[in-house]
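Working notes for the structure below.
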There are 2 protein chains.
Amino acid sequence: MELSNAEEQLMQILWRKETAYMKELLEAYPDPKPALTTVATLLKRMQDKNFVDYIQKGRSREYFPKVSKKKYFSKQMNGMIKNFFNDSTAQFASFFTTESDLSEKELRELRELIDRQLKNK
Amino acid sequence: MELSNAEEQLMQILWRKETAYMKELLEAYPDPKPALTTVATLLKRMQDKNFVDYIQKGRSREYFPKVSKKKYFSKQMNGMIKNFFNDSTAQFASFFTTESDLSEKELRELRELIDRQLKNK
DNA sequence: TTTTGCATTCTACATTTGTAGAATAAATAT
DNA sequence: ATATTTATTCTACAAATGTAGAATGCAAAA
């Protein structure tokens, strides 16, 4: 089961905070903030989908992500690479490199990084 | 307005074919194929969303994408980079480079590509 | 202890998405 | 000329999504 847009937005907040109470989540929303019950509904659905859990603290709950941002992101990326580049990561990489408008500096840094990666092989 | 999942799948088919009649679209679906009316509904919605158009040919229609795969993909990517990497393309690139499991050969090719990019600057 | 604030659960409802049957029309094959 | 195939439009409906009010309970502040 995937996250919907509204759910993913909330997930982003939760990832940033790592752990948060209802009130903090609400505060973290940009204006116009949704109703508290809206967030509650989303959290409930996200729990059902197994993306979020909580620890009862007194009478309220400390929510936290059950899926790491990194893991979630990787899955998204793999989906896109599969659909758009026929499952070829390399093909994606080359598309990205030529199409993204990285600055010269950024390109150099990226090359540096690749060199380091290569040393690890 | 964004494409839904089912719509995006159809879009992928249309991008592959570049142009296609109803029948061809249907044939291109993997089994179990949806009902023809399902595809018709999707096409209609995609027209409303301005992702698809057609040319009347005799009594049927030659459908074609109004948005290129590349453009669509870029938009998706930018969205993800914005959400996950704080809008930093470079940060994404470095994450990608370290986390993707590109082979040594692929890494070398990527470096080549970056070199060529750099020469263009 | 009365008010105020906050969280939770329930209920609700409009919109969007996934899926397709029925009716209709035209084109083609028999 | 009739049956068959194919496409189109209309209608429909369940599920998912976005959004939030009402009711309830409890805790902290006044």
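On a predicted model such as this, the values are computed, not experimentally measured, just so you know. A, B, ... follow the sequence lines: proteins, then strands. Residue 1 opens every chain.
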Base, sugar-phosphate, or nothing for Lys57(B), non-hydrogen atoms under 4.0 angstrom? nothing

Under 4.0 Å between a side-chain N or O of Arg61(A) and OP1 or OP2 of dA7(C)? no

Think Tyr54(A) has a side-chain N or O under 4.0 angstrom from the OP1 or OP2 of dT8(C)? no

Specify the angle, to 10°, made by the local axes at the two ends of the helix from dT1(C)-dA30(D) to dT30(C)-dA1(D) when five pairs are taken at each end. 0°

Any donor-acceptor pair under 3.5 Å linking the side-chain atoms of Gln9(A) with those of Tyr29(A)? no

Just checking, is any N or O donor in the side chain of Gln47(A) or Tyr54(A) under 3.5 Å from an acceptor N or O on the other one? no

Among dA7(C), dA16(D), dT8(D), which nucleotide sits nearest the side chain of Ser60(A)? dA7(C)

Mind jotting down which residue pairs meet the salt bridge (charged side-chain N to carboxylate O under 4.0 Å, His left out) criterion with at least one end in residues 21-41 of chain B? Sequence neighbours excluded, please. Asp31(B)-Lys33(B)

According to salt bridge (charged side-chain N to carboxylate O under 4.0 Å, His left out), does anything in residues 48-67 of chain B pair up with another residue at least two apart or in another chain? List the pairs. Glu7(B)-Lys49(B), Lys44(B)-Asp48(B), Lys57(B)-Glu62(B)

Linked hydrophobic residues, Phe64(B) as query - side chain contacts closer than 4.5 Å: Ile55(B)

Its contact letters, B for base, S for sugar-phosphate only and - for none at protein heavy atoms under 4.0 Å, make nucleotides 18-30 of chain C read BBBBB----S---

In a table with atom names and distances, give each donor-acceptor pair under 3.5 Å that connects a side chain of residues 80-90 of chain A to protein atoms at least two apart or in another chain.
residue: Asn83(A); atom: ND2; partner: Gly79(A); partner atom: O; Å: 3.3
residue: Ser88(A); atom: OG; partner: Gln91(A); partner atom: N; Å: 2.9

